[in-house]
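What follows is a single structure, written as structure tokens, with notes after it.
As the structure is a computational prediction, the values presented were derived from the model and not from experiment.
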Amino acid sequence: SVDITASMNSLYTDVMQRRSSHTELDENLSEFVFYSGLHHSRANVLRLSNDIIFDGQGSSSSVFIVRVDGSVQFAPNSRITLLNGAMAANIFWVVSNTVTIGAFSSFKGVMLSNSSLVAEEQVSVEGRLLSLSTISLANNLLILPPISTSAIARIKDQNCGCGASFCGDWSSCSDKT
């Protein structure tokens, strides 16, 4: 069996050691468009509001990684929109500090927080909320799409094709393709 805490720690450590393949993110994002690749914020608090768009540019295999060295705050009524093949299972947020998803917001993706994670009242989530500390939910709607093994493998190693339902133990990726 896979130790989920060790798997989350492994993913968190791996992403935090990577360098951004796109420009650094401003601390305030409103109606911002993400394209596939690694995006990085060094802000103490990354604030997101209105529409945040993930554009797969015609590919359902596009992988998005948002690395945040501080905290993340989604304003109330914020929403993530997926365009042109982008899939919630292929969006990974890795956050060093706290995460707050404001009331009545719509979140899509896999959120991994090193600290507390709060989804305020009436938040809808298509994806996963993971924390190495605590999670607080308040009358939320959670939709759990299948985890994309290939997307997780591409985060760690472009050549790793585990074939498992969750590739959390990176050392078990012996199926190099």
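Hydrophobic clustering (side-chain heavy atoms under 4.5 Å, transitive across Ile, Leu, Val, Met, Phe, Trp, Tyr) groups L29 together with V123. V72 is connected to I135 through a chain of hydrophobic side-chain contacts under 4.5 Å among Ile, Leu, Val, Met, Phe, Trp and Tyr, so both are in one cluster. Note on V45: it does not cluster hydrophobically with L25, by side-chain heavy-atom contacts below 4.5 Å among ILVMFWY residues. Note on F54: it clusters hydrophobically with L46, by side-chain heavy-atom contacts below 4.5 Å among ILVMFWY residues. A single hydrophobic cluster is seen to contain both I101 and F32, as judged by linkage of ILVMFWY side chains at heavy-atom distances under 4.5 Å, directly or through other members.
Of all the heavy atoms in S131 and S115, the pair that sits closest is OG-O, 2.6 Å. Between G56 and A86 the shortest heavy-atom distance is N-CB, 3.7 Å. When all heavy atoms are compared, the tightest approach of I91 to M87 is CG1-O, 3.5 Å.
Atom CD1 of I53 sits about 11.0 Å away from atom CD1 of I80, to the nearest 0.5 Å. Interatomic distance, CG of L48 versus OG of S41, reported as 8.5 Å (0.5 Å rounding). Between S96 atom OG and L112 atom CG the span is 10.0 Å, to the nearest 0.5 Å. In this structure, CG in L130 is found 10.0 Å from CZ in F92, a value given to the nearest 0.5 Å. Put simply, OG on S60 and CG on N90 are 7.5 Å apart, with the number rounded to the nearest 0.5 Å. Taken from CG in N97 to CG in N114, the straight-line distance is 8.0 Å, to the nearest 0.5 Å.
Judged as a salt bridge (charged side-chain N to carboxylate O under 4.0 Å, His left out), not a single pair has a partner in residues 85-107 (not counting sequence neighbours). The salt bridge (charged side-chain N to carboxylate O under 4.0 Å, His left out) analysis of residues 29-42, with sequence neighbours excluded, yields the pairs E24-R42.
M111 is linked by a side chain to side chain contact (heavy atoms under 4.5 Å, CB included) to F74, W93, V95, V99, F107, L117, L129, counting only residues two or more places apart in sequence or in another chain. With sequence neighbours excluded, no residue satisfies side chain to side chain donor-acceptor pair (under 3.5 Å) with S133. For N28, the side chain to side chain contact (heavy atoms under 4.5 Å, CB included) partners are R47, not counting sequence neighbours. Not a single side chain to side chain donor-acceptor pair (under 3.5 Å) links N140 to another residue, sequence neighbours left out. Not counting sequence neighbours, the partners of S124 by the side chain to side chain contact (heavy atoms under 4.5 Å, CB included) test are S106, L141. For E126, the side chain to side chain contact (heavy atoms under 4.5 Å, CB included) partners are A88, K108, I143, P145, not counting sequence neighbours. Not counting sequence neighbours, N77 has no partner by the side chain to side chain donor-acceptor pair (under 3.5 Å) test. Residues satisfying the side chain to side chain donor-acceptor pair (under 3.5 Å) test with D26, not counting sequence neighbours, are none. Partners of D51 according to the salt bridge (charged side-chain N to carboxylate O under 4.0 Å, His left out) rule, which considers only residues two or more places apart in sequence or in another chain, are R79. With sequence neighbours excluded, no residue forms a salt bridge (charged side-chain N to carboxylate O under 4.0 Å, His left out) with E121.
Counting only distance, with no hydrogens or angles, the side chain of E120 and the backbone of A103 share a donor-acceptor pair below 3.5 Å. In terms of modelled atom types and a separation under 3.5 Å, the side chain of T98 and the main chain of S71 share no donor-acceptor contact.
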Does the side chain to side chain donor-acceptor pair (under 3.5 Å) test come out yes or no for S61 and S59, once each step is laid out?
CA-CA 5 Å; S61 63; S59 175; 2.9 Å; yes
Would you check, one step at a time, whether the test side-chain contact (heavy atoms from CB on, under 4.5 Å) holds for L137 with L142?
CA-CA 10 Å; L137 303 174; L142 303 175; 4.1 Å; yes
Between F64 and F34, is the ring pair (Phe, Tyr, Trp, His ring centres under 6.0 Å) condition met? List the steps.
CA-CA 8 Å; F64 307 83; F34 286 97; 7.6 Å; no
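In this structure, the side chains of V63 and S36 stay at 4.5 Å or more apart for every pair of heavy atoms.
When only modelled atom types and interatomic distance are considered, S49 and S78 share no side-chain donor-acceptor pair under 3.5 Å. A donor-acceptor contact closer than 3.5 angstrom links the side chains of N50 and S30.
No more than 12 heavy-atom neighbours from other residues, nucleotides or ligands sit within 6.0 angstrom of CG on N44.
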